[in-house]
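Reckoned from all heavy atoms, side chains included, excluding hydrogens, waters and symmetry mates. In what follows, chains are A, B, ... by sequence order, proteins preceding strands, each numbered from 1.
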Protein chains: 2
Amino acid sequence: MARLPVYLRALHGLAEHGTATVSSEELAAAAGVNSAKLRKDLSHLGSYGTRGVGYEVEYLVYQISRELGLTQDWSVAIIGLGNLGRALAGYGGFASRGFRMAALLDAEPGIVGELIAGLTVEHIDKLETVIKDNGISIAVLAVPATAAQAVCDRVVASGVTSILNFAPVVLSVPDGVEVRKVDLSIELQILAFHEQRKAGGPSGVEQEYLEAVEGQ
Amino acid sequence: MARLPVYLRALHGLAEHGTATVSSEELAAAAGVNSAKLRKDLSHLGSYGTRGVGYEVEYLVYQISRELGLTQDWSVAIIGLGNLGRALAGYGGFASRGFRMAALLDAEPGIVGELIAGLTVEHIDKLETVIKDNGISIAVLAVPATAAQAVCDRVVASGVTSILNFAPVVLSVPDGVEVRKVDLSIELQILAFHEQRKAGGPSGVEQEYLEAVEGQ
DNA sequence: AAGCCTTTGTGAACGCACGCACAAAGTCGG
DNA sequence: CCGACTTTGTGCGTGCGTTCACAAAGGCTT
Ligand SMILES: NC(=O)c1ccc[n+]([C@@H]2O[C@H](COP(=O)([O-])OP(=O)(O)OC[C@H]3O[C@@H](n4cnc5c(N)ncnc54)[C@H](O)[C@@H]3O)[C@@H](O)[C@H]2O)c1
Ligand SMILES: NC(=O)c1ccc[n+]([C@@H]2O[C@H](COP(=O)([O-])OP(=O)(O)OC[C@H]3O[C@@H](n4cnc5c(N)ncnc54)[C@H](O)[C@@H]3O)[C@@H](O)[C@H]2O)c1
């Protein structure tokens with residue numbers, strides 16, 4: 001379930017605070033969800049709570065980590081070291097959650113060979129070798145939209161089955177390959193939508209369109 | 001609806017390709033959704049299709065843009081000009097979708113005054129003034145997790161009702177304020193979860209926990 | 001002009017996730 | 001040792017979003 005990472009984050013916060021045990025009500029508040037939903041989610045991993053007391057923080061952290069596959073480290077490759085790729089490569093928050101930035105790849109001659117966050121940028125031509133040699137299982141795509149599908153195809157052909165895509169395109173992949181996309185423009189557009197709603201919503205449908213067309 | 005931006009993106013692609021008219025089947029494929037869902041979504045904006053033909057691309061682009069509030073420009077402030085904030089500030093894809101980066105704010109003396117993407121970074125102390133003077137309606141938070149809630153509170157107090165948050169914390173805001181969050185660690189964790197599933201899933205529950213505890 | 005063909009718009013069934021509410025279970029104080 | 005209190009785990013009703021399937025509608029061909 002997609003909420004487990006949120007619970008995990010909340011639990012880490014509690015653990016640092018020295019809390020040993022937590023009720024579903026408290027944890028739900030920290031994670032921003034309904035307490036019944038939280039309990040139901042946790043019950044799917046087995047029954048780790050004590051009635052009348054709550055959940056033991058440390059044990060729950062371990063159970064969720066195990067469920068998410070965070071008891072092992074994952075090797076990640078970043079492809080495309082432009083604005084975004086660099087920001088990701090330099091971010092320390094991944095390593096602390098068990099994600100090791102294992103390889104950086106780009107096509108631009110001026111970028112290949114550069115040292116970023118302690119790693120040398122490799123040429124995209126070496127994709128297959130780099131993935132195999134470093135045991136990469138997750139690829140992060142931070143390349144332009146026009147290159148994304150082609151790069152994706154190569155990554156998949158190299159055996160990677162998990163992709164995090166930042167390019168604003170719908171990637172098509174074979175069954176068994178998991179793609180998650182982060183599209184910041186879409187996030188802003190959704191905010192704009194709500195912002196407009198508050199301001200009264202769209203009005204004068206036909207008029208506005210005609211005016212807009214005439215204005216060209 | 002959160003899918004409209006995806007449709008819009010697909011339509012822009014078709015328009016650039018010179019396509020004048022598109023069927024729900026084609027557009028659904030381009031957007032990666034079911035065609036019945038697409039038609040139902042579009043029917044909520046009114047009936048803009050022609051039976052036997054499909055939808056006129058240009059008209060549909062206008063209708064969706066209007067629904068999303070993209071017929072007007074929105075002014076955005078980026079708060080926190082570290083790794084991520086810089087990447088966002090330097091990204092050209094926002095301006096082309098009607099989002100104007102209107103102000104950059106940071107607390108670090110070394111960063112305030114710096115020129116990034118044609119804008120001078122202002123001090124966070126001027127938050128209220130900057131927001132009012134530039135007509136900011138959307139704030140992007142790219143500050144450390146520890147500072148996020150405090151900055152959020154100030155932003156909300158300044159009248160902003162739409163926030164895009166990159167910090168890995170659950171922000172609490174008053175009713176009427178829209179928060180969208182982007183947490184890249186969570187995306188990776190979800191990928192890891194599926195990756196692990198493919199590899200056979202978690203096994204040996206008690207044993208693993210005991211081993212892990214003993215190993216400390 | 002008429003019939004055929006394509007495609008929309010939507011009624012209805014289905015499934016799923018959410019949340020209420022409560023019984024079972026366990027703790028803690030006396 | 002017992003009773004009261006707390007909190008979990010879950011059965012169940014509800015509401016929403018998705019999908020199928022089809023009738024209505026419009027264009028196109030002959
Ligand atoms: N920067 C942002 O804040 C932001 C925001 C939203 C979306 N995005 C999206 O993220 C992606 C990257 O954005 P960016 O700003 O870093 O772009 P960028 O142009 O700065 O960087 C792209 C990098 O990809 C490399 N590249 C191009 N083709 C390649 C190929 N075939 N193989 C390997 N590498 C290749 C380029 O050399 C460049 O270094 C884009 O798709 C963009 O639309 C970025
Ligand atoms: N960089 C990434 O790829 C990445 C990935 C996932 C999540 N994040 C999250 O995004 C946020 C920013 O990440 P980053 O890598 O850019 O961090 P960073 O440390 O590079 O930048 C943070 C910036 O915020 C500024 N800042 C600190 N306190 C402030 C305050 N009170 N008011 C205004 N500005 C303040 C700092 O001066 C700094 O410039 C963090 O919460 C991080 O967890 C980043």
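Between L38(B) atom CG and dG17(D) atom C1' the separation is 15 Å, expressed in whole Å. Separating the CZ atom of R39(B) from the C1' atom of dA25(D) is a distance of 14 Å, rounded to the nearest angstrom. When the P atom of dT18(D) is taken as reference, atom CG of D41(B) falls 7 Å away, rounded to whole Å. The CG-P distance, from L42(B) to dT18(D), rounds to 13 Å in whole Å. Protein atom CG of L45(B) is 13 Å distant from nucleotide atom C1' of dG9(C), rounded to whole Å. The NE2 atom of H44(B) sits 9 Å away from the P atom of dT10(C) (whole-angstrom rounding). At whole-Å resolution of the value, CD in E25(A) and C1' in dG9(D) are 14 Å apart.
Each of R3(A) and V53(A) has a nearest nucleotide on DNA chain C; the 5'-most of these lies closest to R3(A).
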Steps toward ring pair (Phe, Tyr, Trp, His ring centres under 6.0 Å) verdict (Y55(B), Y48(B)): CA-CA 7 Å; Y55(B) 299 87; Y48(B) 301 128; 8.6 Å; no
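In the set dT27(C), dT8(D), dG19(C), the nucleotide with an atom closest to the side chain of A36(A) is dG19(C). The side chain of Y55(A) lies closest to dG9(D), out of dG9(D), dG26(C), dT10(C). For S43(B), counting side-chain heavy atoms from C-beta on, the closest listed nucleotide (dC20(D), dG26(C), dT10(C)) is dT10(C). In the set dG19(C), dT19(D), dT8(C), the nucleotide with an atom closest to the side chain of K37(B) is dT19(D).
A salt bridge links R197(B) with E67(A); the closest basic N to acidic carboxylate O contact falls under 4.0 Å. Remark: E187(B) does not engage K181(A) in a salt bridge, criterion side-chain N to carboxylate O under 4.0 Å.
Between the side chain of K40(A) and the base of dG19(C), a donor-acceptor pair under 3.5 Å is found. Under 3.5 Å, the side chain of R51(A) and the base of dT8(D) form at least one donor-acceptor pair of N or O atoms.
At distances below 3.5 Å, not a single donor-acceptor pair connects side-chain atoms of S65(A) with backbone N or O atoms of L70(A).
For dG17(D), neither phosphate oxygen OP1 nor OP2 lies less than 4.0 angstrom from any side-chain nitrogen or oxygen of N34(B). At dT7(C), none of the side-chain N or O atoms of S24(B) fall inside 4.0 Å of OP1 or OP2 (strictly under the cut-off).
Between V130(B) and L105(B) there is a side-chain heavy-atom pair separated by less than 4.5 Å.
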